[in-house]
Amino acid sequence: MNRILWVDDEIDLLQPYIIYLKGKGYNVETASNGEDALDALDTIVPDIVFLDENMPGMTGLETLQEIKRLHPDVPVVMITKSEEEHIMEQAIGEKIADYLIKPVNPSQILLCLKKHIHQQAIVTEQVQQNYRQEWSDISYMIDTATTIEEWQAIERTLSRWDIELENSPMRSLIDDQRTQANAAFAKWIAKNYETWFANGQKIAANSPLMSQDIMKHAVFPLLDKGEKVLLCVIDNFRYDQWKAIQPLLSDFYTIQTEEQYTSILPTATQYARNAIFSGLMPLQIQQMFPQYWVEEGDEESKNQYEKELVQTLLDRYRRRESFNYWKVNESDFCERVIAQLKGVHTPLNIVVLNFIDMLSHSRTESKMMRELANDESAYRSLTLSWFKHSPTYELMHRAAELGFTLVLTTDHGTTRVKNPVQIVADKNTNTNIRYKVGKALNCSSKNVMMIEQPKRVGLPSPNVSSSYAFCTGNDFFAYPNQFNYYAQYYRNTFQHGGISLEEMIVPLITLIPKK
């Protein structure tokens, strides 16, 4: 039963209201002055306070200050005869939840209660009802999807419901529907992925927008129009995470285009981000610029030549723009980039942000981080909190003030893995748990997608007999040796490299600064 504290020096005259509210199931406590109200708060914590503004002795505003000091989260509704501006400004400054002008009527009181006590329950019930009505439509979309555009629409729809149902008891239903979608998507990828390529190169006619197309598709047209561009690549950035931070950017940017593109396989930084910056498939990079391709087994960083790859792309297209490139791993370096941005006159500026990637890895390795980000909702929340309080937000704000068009994207997304599958592989096989590349790969799971001839899809082969194996859905690889240990260690961590909507269908957003 919800509890109301009603404070008014004429409380006896309000008995009809109190009887009405009790008849609606509310527990109503009363006080005729501020002192009695504060005494009542020593023993009860109400769900809402109705507070008369004009009382003898301790005034309504003075009482409000004490109530907010004792119980800052309890909503207080000021009831006043006066609409004087300075009184209302002071009350609002003290964070009243609402105000009503005397004389009030029962319907106003009831509406106020619904707004401040029951709003979340009402909204939740409506959202759940809407999802129930749309559930069969989503299932039909999943069962009949035959194009990348349809899969993009499915990812947008699932992400929207992921967010809207994140605190709902129906959470498990959307999880089940995403599992269904990822299973169907993996079959579709297995059937279609190789058809997007010929001789290891992408066929423009029937293939979707992919990693190697991003610069040509999203950046070059802006440069051709004479715009200053800030390309921001956030590692491990999912579509639902974009929707979480979007409202923050709307204060100083307008969305020009909101697209999704398909990350190449493997959905891993070494392959996908190098493809973005070079405009080439990994095999082409290895063949054309062997000095910039780092093999899986090499100890050095797999992405240390990104700046050089950007230059090769500009050279191939005979573009003469100068550019800046920054890779940000620490907040103090991001602050230095912000300081440098003011004096920048180069048309193309590229920033790579690795925070979400570091969050994903630290969550795998840290028990505390696992508890903080124990599901997709918490993972989004951590992303939003990081963005809101990080220099990255200030960087984008500053870029808007300086007139930069912002292209915001990622190299791949990430997915929460749950089911270990056994794989047998050569000792030189790579360590990623969502994909494997090596000799004599052997996995009995029917959900694993194998690519026996990597050159067909633009992937290099460390050895003549190398093949690739990709986990789908929320599976992950574990070796028979210490299988149970690694199954427990990696279960419910966020990983990338394989095939899922979250990893492959990722955001590509162009934003223009508000004037």
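Counting begins at 1 with the first residue of the sequence. For clarity, every value in this text was computed on a predicted model and none was experimentally measured.
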Could you verify whether a donor N or O on one side chain and an acceptor N or O on the other, from [X] and [Y], lie under 3.5 Å apart?
{"X": "Arg238", "Y": "Gln241", "answer": "no"}
{"X": "Thr312", "Y": "Glu308", "answer": "no"}
{"X": "Asn130", "Y": "Gln126", "answer": "yes"}
{"X": "Thr346", "Y": "Ser322", "answer": "no"}
{"X": "Asn182", "Y": "Glu502", "answer": "yes"}
{"X": "Gln453", "Y": "Glu194", "answer": "no"}
{"X": "Thr254", "Y": "Lys514", "answer": "no"}
{"X": "Arg416", "Y": "Asn492", "answer": "yes"}
{"X": "Tyr239", "Y": "Glu258", "answer": "yes"}

Does any N or O in the side chain of [X] come within less than 3.5 Å of the main-chain N or O of [Y], such that one atom is a donor and the other an acceptor?
{"X": "Lys436", "Y": "Val424", "result": "no"}
{"X": "Glu150", "Y": "Thr146", "result": "yes"}
{"X": "Ser263", "Y": "Met504", "result": "no"}
{"X": "Ser381", "Y": "Ser377", "result": "no"}
{"X": "Thr409", "Y": "Pro507", "result": "yes"}

Taking every non-hydrogen atom, the tightest pair across [X] and [Y]:
{"X": "Leu223", "Y": "Pro347", "result": "CD2-O, 3.6 Å"}
{"X": "Ala425", "Y": "Tyr479", "result": "CB-CE2, 4.0 Å"}
{"X": "Phe494", "Y": "Thr414", "result": "C-OG1, 3.4 Å"}
{"X": "Leu313", "Y": "Ser278", "result": "CD1-O, 3.5 Å"}
{"X": "Ile264", "Y": "Ser211", "result": "N-OG, 3.1 Å"}

Below 4.5 Å, heavy atoms only, C-beta onward: do [X] and [Y] meet side chain to side chain?
{"X": "Gln311", "Y": "Tyr325", "answer": "no"}
{"X": "Asp235", "Y": "Val352", "answer": "no"}
{"X": "Glu306", "Y": "Phe277", "answer": "yes"}
{"X": "Lys243", "Y": "Arg160", "answer": "no"}
{"X": "Arg132", "Y": "Met170", "answer": "yes"}
{"X": "Leu249", "Y": "Gln246", "answer": "no"}
{"X": "Leu508", "Y": "His217", "answer": "yes"}
{"X": "Gln495", "Y": "Thr415", "answer": "no"}

Flag yes if more than 12 heavy atoms outside [X] fall under 6.0 Å of its [atom1] atom; otherwise flag no.
{"X": "Trp135", "atom1": "CH2", "value": "no"}
{"X": "Lys216", "atom1": "NZ", "value": "yes"}
{"X": "Lys418", "atom1": "NZ", "value": "yes"}
{"X": "Asn199", "atom1": "CG", "value": "no"}
{"X": "Arg319", "atom1": "CZ", "value": "yes"}
{"X": "Lys187", "atom1": "NZ", "value": "no"}

Could you check whether the rings of [X] and [Y] sit parallel, tilted or perpendicular, using 30° and 60° as the cut-offs?
{"X": "Tyr292", "Y": "Phe289", "answer": "parallel"}
{"X": "Tyr486", "Y": "Tyr490", "answer": "parallel"}
{"X": "Tyr468", "Y": "Tyr435", "answer": "parallel"}

[X] with [Y]: basic N within carboxylate O range, under 4.0 Å:
{"X": "Glu166", "Y": "Arg380", "value": "yes"}
{"X": "Glu155", "Y": "Arg178", "value": "yes"}
{"X": "Arg434", "Y": "Asp475", "value": "no"}

Would you say the ring centers of [X] and [Y] fall short of 6.0 Å from each other?
{"X": "Tyr253", "Y": "Phe404", "answer": "no"}
{"X": "Tyr271", "Y": "Trp293", "answer": "yes"}
{"X": "Tyr317", "Y": "Phe220", "answer": "yes"}

In Å, rounded to the nearest 0.5 Å, how long is the span from OG of Ser466 to CG of Asn430?
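So the OG of Ser466 and the CG of Asn430 are separated by 10.0 Å.
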Set out, in order, the CA-CA distance, both residues' side-chain angles and the distance that settles side-chain contact (heavy atoms from CB on, under 4.5 Å) for Gln422 and Phe483, then state yes or no.
CA-CA 8 Å; Gln422 285 195 11; Phe483 178 84; 3.2 Å; yes
Between Gln212 and Gln284, is the side chain to side chain donor-acceptor pair (under 3.5 Å) condition met? List the steps.
CA-CA 11 Å; Gln212 65 273 37; Gln284 293 175 289; over 6 Å; no
